[in-house]
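In listed order, ligands and their atoms are each counted from 1.
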Amino acid sequence: MLLLKLLTVTVLLAGVLVQGAITKLNAARMTLYGKPNHYKKLVARLDKVLPNVSVKKVLEDTNHKTNLYPLDPHWSEGVTWAKRPGYNDQDTKKWIPQGITSSYDAYQDGVYQGKKAIFTSWYDASTAKAKDPKNKGVRISFIDTTSSNSNNWTYRNVLLVVPHETKGGHISYHPVRIHAGGIMWYGNLLYVVDTSEGIRIFDLDHIYRVDTGSRIGRVRKGKYTAANYKYIIPQMGHYVAKSATAKGFRFSFISLDRTSKPDSFIVGEYDETGKQNRIARFQLDYRTRLPIHTKGTMTTVAKQFYNIHLKSMQGALSVKSLGTQRYYFTQSHGDGPNGQGDLWIWTVGERFEPFEGVLSRGPEDLTWRDGQVWTLGEHAGDRPVYGISEGSLPP
Ligand SMILES: *[C@@H]1O[C@H](CO)[C@@H](O)[C@H](O)[C@H]1NC(C)=O
């Protein structure tokens, strides 16, 4: 009893202290410059040489099955990756999962080309240096979640690429060698954060089927391969840091807020010290699927900017739920056996408190999916993809 009381006091104290520490920053200082169609001409050339497939087609051509993951009492659903002789996404250290989004981000009703899906991003960790030519970059798991029974979910991994012209004048592509800490699907666009640069944009209206083969790019006339991945998505453009403040920002995670007017997204920053854990909100134009630009420019200015001061924050989400404006943050505590993550909840104008130990180890990016907070665990051997429904969260 005494222990319980002490704990309560500590938590309250922590709550008060940390709440006091959220600081409002000058949003006008956080600006990005957009080149959303930077690769358009190169993508048009790829359109001519490679067969275009729809998201639906990829989801109808999954080659792995997810497995059920033992549920924490607060979780509504949880799956993990394929593991079978000769194939193991659960334990691989070659690829590390980071970002999450779903068809509920793409469209309000969660249905995309007749399907429901969750996407997750993985970065290639098999080579220490991103510049190593062996580094395959980033892949996206397309999980077909159309079935309401998560025991029936299946997936396929698809490779992201950047188009380029070869010295010989041919159209080709190379890997996207970034951390891909967060992703967001909005209409036909897939936003992928690029830690030191900004945000990369991929267009899901351009997905290609390629041949089997280990190289990434054009092999010879009519033959293109992608490290034995069957489908690739070429980068269409990007938003790069413009202001000095944005240049010093680490683009670590991203999530959509469909409950703001207009729609908006949050990008946030990882920092293991708690000093610089900033989040910025940018507004979106649902017609172009791009950030809203200052009139007559390609510059987008943040609408809100905060330092959350939350040590090892790995994901941020903003949503009006349970009747009020709330933010959710994942906080990781290493990969030790007791490293369960905390879900921090900031009810604006009221409190900022942790929902302790409710997350897996190594929780990452966040997304709001059909009234549930979804995230995923990154550590090899313990990698759930899971949701917590609104009703299981503290009011
Ligand atoms: C590729 O397929 C999509 C359907 O998923 C379609 O919207 C798009 O226009 C197609 N693109 C090309 C270049 O044919």
Side-chain angles (χ1 to χ4, degrees), residues 34-64 99-121 138-147 153-166 169-176 183-192 200-212 216-219 221-226 229-238 256 263 284-290 367 369:
K35 297 180 182 173
N37 289 312
H38 187 67
Y39 295 101
K40 193 174 178 167
K41 285 191 180 139
L42 294 176
V43 171
R45 287 176 66 186
L46 286 172
D47 283 340
K48 291 203 178 111
V49 295
L50 289 168
N52 178 45
V53 299
S54 60
V55 168
K56 177 172 192 248
K57 179 81 192 230
V58 176
L59 291 169
E60 283 169 352
D61 188 25
T62 53
N63 56 341
H64 303 300
I100 187 166
T101 183
S102 87
S103 49
Y104 283 91
D105 282 346
Y107 295 132
Q108 178 83 38
D109 69 358
V111 180
Y112 196 91
Q113 296 172 351
K115 292 274 199 184
K116 289 186 180 178
I118 291 175
F119 288 174
T120 69
S121 60
V138 174
R139 68 185 194 184
I140 304 289
S141 293
F142 278 48
I143 311 175
D144 183 350
T145 61
T146 310
S147 168
W153 292 359
T154 58
Y155 70 100
R156 176 181 280 281
N157 298 321
V158 175
L159 200 69
L160 297 184
V161 296
V162 185
H164 72 255
E165 189 179 56
T166 65
H170 299 294
I171 183 69
S172 186
Y173 48 82
H174 58 274
V176 177
I183 56 175
M184 177 185 93
W185 183 3
Y186 190 52
N188 61 312
L189 298 184
L190 181 67
Y191 287 61
V192 180
R200 300 203 190 199
I201 311 272
F202 296 79
D203 183 346
L204 299 170
D205 283 343
H206 303 266
I207 305 178
Y208 308 116
R209 194 181 67 241
V210 293
D211 292 317
T212 308
I216 296 176
R218 182 182 185 271
V219 179
K221 187 172 194 295
K223 189 171 169 84
Y224 288 82
T225 62
Y229 288 90
K230 188 171 178 181
Y231 301 106
I232 58 168
I233 313 174
Q235 186 175 342
M236 183 60 91
H238 45 237
L256 181 69
D263 293 347
L284 287 161
D285 181 338
Y286 74 93
R287 292 160 305 186
T288 60
R289 301 295 179 187
L290 295 171
T367 192
R369 178 177 179 269

- [ ] Quick one: which residue pairs count as a side-chain hydrogen bond (donor to acceptor under 3.5 Å, both in side chains) with a foot in residues 35-44, not counting sequence neighbours?
- [x] none

Task: Asp47 neighbourhood, listing ligand 1 atoms whose heavy-atom distance to it stays under 4.0 Å - done: 13 (C)

Task: Test: Arg156 cationic atom under 6.0 Å from Phe142 six-membered ring centre, within 45° of axis - done: no

TODO: Report the part of Lys57 (side chain from C-beta onward, or backbone N, CA, C, O) that has a heavy atom under 4.0 Å from ligand 1; answer both or neither where that applies.
DONE: neither

Task: Under 4.0 Å to a heavy atom of Ser54 - the qualifying atoms of ligand 1, by number - done: 4 (C), 5 (O)

Task: atom 7 (O) of ligand 1: any protein heavy atom closer than 4.0 Å - done: yes

TODO: Would you please say whether a donor-acceptor pair under 3.5 Å links the side chains of Tyr231 and Asp61?
DONE: yes

Open item on the list: My understanding is that we take every heavy atom of each candidate and find the minimum distance to atom 3 (C) of ligand 1. Doing that for Val55, Leu46, Leu50, Asn52, which one comes out nearest?
Closed with: Asn52

Task: Contacts of Thr212 that satisfy side chain to side chain contact (heavy atoms under 4.5 Å, CB included) - sequence neighbours left out - done: Asn228

Task: Polar contact flag for His206 and ligand 1 (N/O pairs, less than 3.5 Å) - done: no

Task: Output field: ring centroids Tyr112/Trp185 closer than 6.0 Å - done: yes

